[in-house]
Amino acid sequence: MTSNPEIKSVDLLIDSCFSELKQAVDQGKLSNPLMVGIHSGGVWVAEALHQRMKLAEPLGKLNITFYRDDFDTLGLHPQVSPSYLPADIDGRDIILVDDVLYTGRTIRAAMNELFDYGRPARIWLVVLFERDGRELPIAADTVGQRVHLAADRQIHVDGPDPLSARIVTREENA
Amino acid sequence: MAVNFVRPSIPKLATDPWAIQFDAQGHLKHLLTIEGLGPTWITRILDTAENFMSVTDREIKKVPLLRGRTVVNLFFESSTRTRTTFELAAKRLSADVLNINLSTSATTKGESLLDTLRNIEAMQADMFVVRHDQSGAAHFIARHVAPHVSVLNAGDGWHAHPTQALLDAFTIRRIKGDFAPLRIAIVGDVKHSRVARSQIHAFNSLNVGELRVIGPRTLIPNDIEPMGVRVFHDMRQGLKDVDVIIMLRLQRERMEGGLLPTEQEFYRLYGLTEEKLRWAKPDAIVMHPGPANRGVEIESRVADGPQSVILEQVSNGIGVRMAVMALCMSAES
């Protein structure tokens, strides 16, 4: 068994993402951004960031189940919360937040869904963790921590309160 | 009758005729009747529908879930509302939709139904939405389709119309919340109504407080009480303290052999007028599966009045049909 890399505290990572985002806004790279979290881990991270950024508009939430490309194998699971966007996203700068960037398929699905609501000016991707294993040409703009993990390991984010992260061994049937 | 592609027989089928609705993993594969679904699946369908309703508020009213799949609306009996809402539901899930209307007279025999089926299967369909005037037609088709094909019953004879019952349950849940404290009355031509039969199964599965049927003796089946309903022949008694009134369409084409003296008399006794509506609870809602015979089972002022949710039923039908399609198509083939 290989040893797992160390994971920083989620609070620290959110602080560091927040400073980067604030800098991006200050430098004019992002103007009047609308923040959107991806259900469910991404929403928890986004809630923490949204609070720190003191954004006037409520947080948007995406539930990308209807956009997944693995619908055939995973099936449709009962849901509790549909997607919600608090404002028209046409021409807006969107801060898209997820907990872990892995294959990139979730982000692709999220972008597909966003474009069914409108045409944003730009999408800025924030993830708490970025790990190896990308299957699509997708990269994050702001990353809390980059982690190298064996293929049988996963980063599991627990939340919403308190928000914490741990590395788990992927279940055989996952 | 040579049938080469019969589904592998499900062992449970002998004891439970509804088992065919589920795949080997217990996942919903066909929706033929409410029976056998139980509260868990019914609730799961309603919850999923709730999520699909939000798709309607978007700029692009579509999700890519069933992209590349083909849904065939196979209608052996005419229908506007049901067929169009199934069509819209499939399109909102990004499926390709084919509408086939077949005259009933040419296909009443099993063989020709199978022939029709084989021809359409050859078009690589993934789902059949079937309406037929013979009870059991959708069930028959489900038993004979290729293993990857799902079958949805959009109304078969006097037997069942499960998606209508689900959308009615969905509409009631959205407005009234929990079923346990509710009194629901189904009024009119229960005898000929597949909608009523499916509703009775659905509402009882969802544990509704009290379920009533109201109508003349000739239009209420004798053996209906064991299904879990209270029978009333008097409208005033039947509507007392009721939260939900579901008017059924009087199936005028089936009124042979003196089942009904005259439509005028039916309207006088059972037609839902503003006056009779006052016998129910003040916040009672009025539903109708459509198409309504105004002046026969319902007064126009009631159908269009503030307590009517008839148009909401139609909108909700799209979300519920999206949910059923998506759930059935995510089953293992």
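All chains are named by letter (A, B, ...) in the order of the sequence lines, taking the proteins before the strands, and each is independently numbered beginning at 1.
When the options B:L66, B:N51, B:L93 are evaluated for a side-chain contact (heavy atoms from CB on, under 4.5 Å) with A:F66, the one that passes is B:N51.
No more than 12 heavy atoms of other residues, nucleotides or ligands sit less than 6.0 Å from atom CD of A:Q51. Shown here is A:K22, whose NZ atom has no more than 12 heavy atoms of other residues, nucleotides or ligands within 6.0 Å. Heavy-atom neighbours of A:R122 CZ from other residues, nucleotides or ligands within 6.0 Å: above the threshold of 12. Within 6.0 Å of CD in A:E6 there are 12 or fewer heavy atoms belonging to other residues, nucleotides or ligands.
Neither the backbone nor the side chain of A:N112 comes within contact range of chain B; no heavy atoms are under 4.5 Å apart. Contacts between B:K62 and chain A at a heavy-atom distance below 4.5 Å involve the backbone alone (N, CA, C, O). Heavy atoms closer than 4.5 Å to chain B are found nowhere in A:Y84, neither backbone nor side chain.
Residues A:T65 and B:L65 come closest through the heavy atom pair O-CD1, 3.8 Å.
Rounding to the nearest 0.5 Å places OH of A:Y117 at 11.0 Å from CD1 of B:I60.
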